[in-house]
Amino acid sequence: MTDHEVPEAEMRLVGSVVEGEATAVFRWGVIVDLGLSRDGLIDVLYIDDDDNYQVGDRVSCYLDCFDEKKNKFILRPPGQVPLAERLRLARERRGHSS
């Protein structure tokens, strides 16, 4: 395994709920230390206006995938609809409102 590869055991976590600690909060998302070889990212697209993440918060998230470009696990809060599904639903709503 090279430094750029994610361990297979960690890749098997994709699709499960994981827990970690918020280590940074930015306008574009929240960085979460999962205790794995790579951090996780909750993208701003999954953060609602009333969410108030703070550094040090314990968070539980659904581990969606590993983004090689960002070198991070992509996370979304439990109960949040995946981005592709949100976009599909928005397109359907626009199609019905025309």
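Every heavy atom of this structure was used, including side-chain atoms; hydrogens, water molecules and symmetry mates were not. Note that the numbering runs from 1 along the sequence shown for the chain. All values reported here derive from a predicted model rather than from experimental measurement.
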Would you mind writing out the side-chain donor-acceptor pairs for residues 22-31 within the sub-3.5 Å range, not counting sequence neighbours?
residue, atom, partner, partner atom, Å
Thr23, OG1, Ile31, O, 3.4

Do [X] and [Y] come within less than 4.5 Å of each other through their side chains, counting heavy atoms only?
{"X": "Val18", "Y": "Ser60", "answer": "no"}
{"X": "Phe66", "Y": "Ile74", "answer": "no"}
{"X": "Val17", "Y": "Cys61", "answer": "no"}
{"X": "Leu75", "Y": "Val32", "answer": "yes"}

Tell me whether Lys70 is salt-bridged to Asp43, with the criterion being a basic N under 4.0 Å from an acidic carboxylate O.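 Salt bridge present between Lys70 and Asp43.
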Lys/Arg N to Asp/Glu carboxylate O, Arg76 vs Asp64, below 4.0 Å: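 Yes, charged N to carboxylate O under 4.0 Å.
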Which heavy atom of [X] sits nearest to which heavy atom of [Y], and what is that distance?
{"X": "Leu34", "Y": "Asp39", "answer": "CD1-C, 4.4 Å"}
{"X": "Tyr46", "Y": "Gln80", "answer": "O-NE2, 3.1 Å"}
{"X": "Phe73", "Y": "Arg38", "answer": "CD1-O, 3.8 Å"}

Any chance you could measure Arg91, atom CZ, to Arg88, atom CZ, to the nearest 0.5 Å?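 If I round to the nearest 0.5 Å, the distance is 8.5 Å.
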Can you tell me if Glu68 has over 12 outside heavy atoms packed within less than 6.0 Å of its CD?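 Counting other residues, nucleotides and ligands, CD of Glu68 stays at 12 neighbours or fewer.
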Between Glu10 and Ser37 (side chain of the first, backbone of the second, donor and acceptor by atom type, cut-off under 3.5 Å), is there such a pair?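 Looks like yes, one N/O pair under 3.5 Å.
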Looking at Asp50, is its backbone amide N or carbonyl O close enough to the side chain of Asp48 to form a donor-acceptor pair, meaning the two atoms are under 3.5 Å apart?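 The answer is no, because no donor-acceptor pair under 3.5 Å joins these two groups.
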Would Val14 and Val6 show up in the same hydrophobic cluster when neighbours are defined by side-chain heavy atoms closer than 4.5 Å?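 Linked, Val14 and Val6 end up in one cluster.
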Any chain of hydrophobic side-chain contacts (each under 4.5 Å) joining Leu45 to Leu41?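 No, it is not one cluster - the side chains of Leu45 and Leu41 are not joined through contacts under 4.5 Å.
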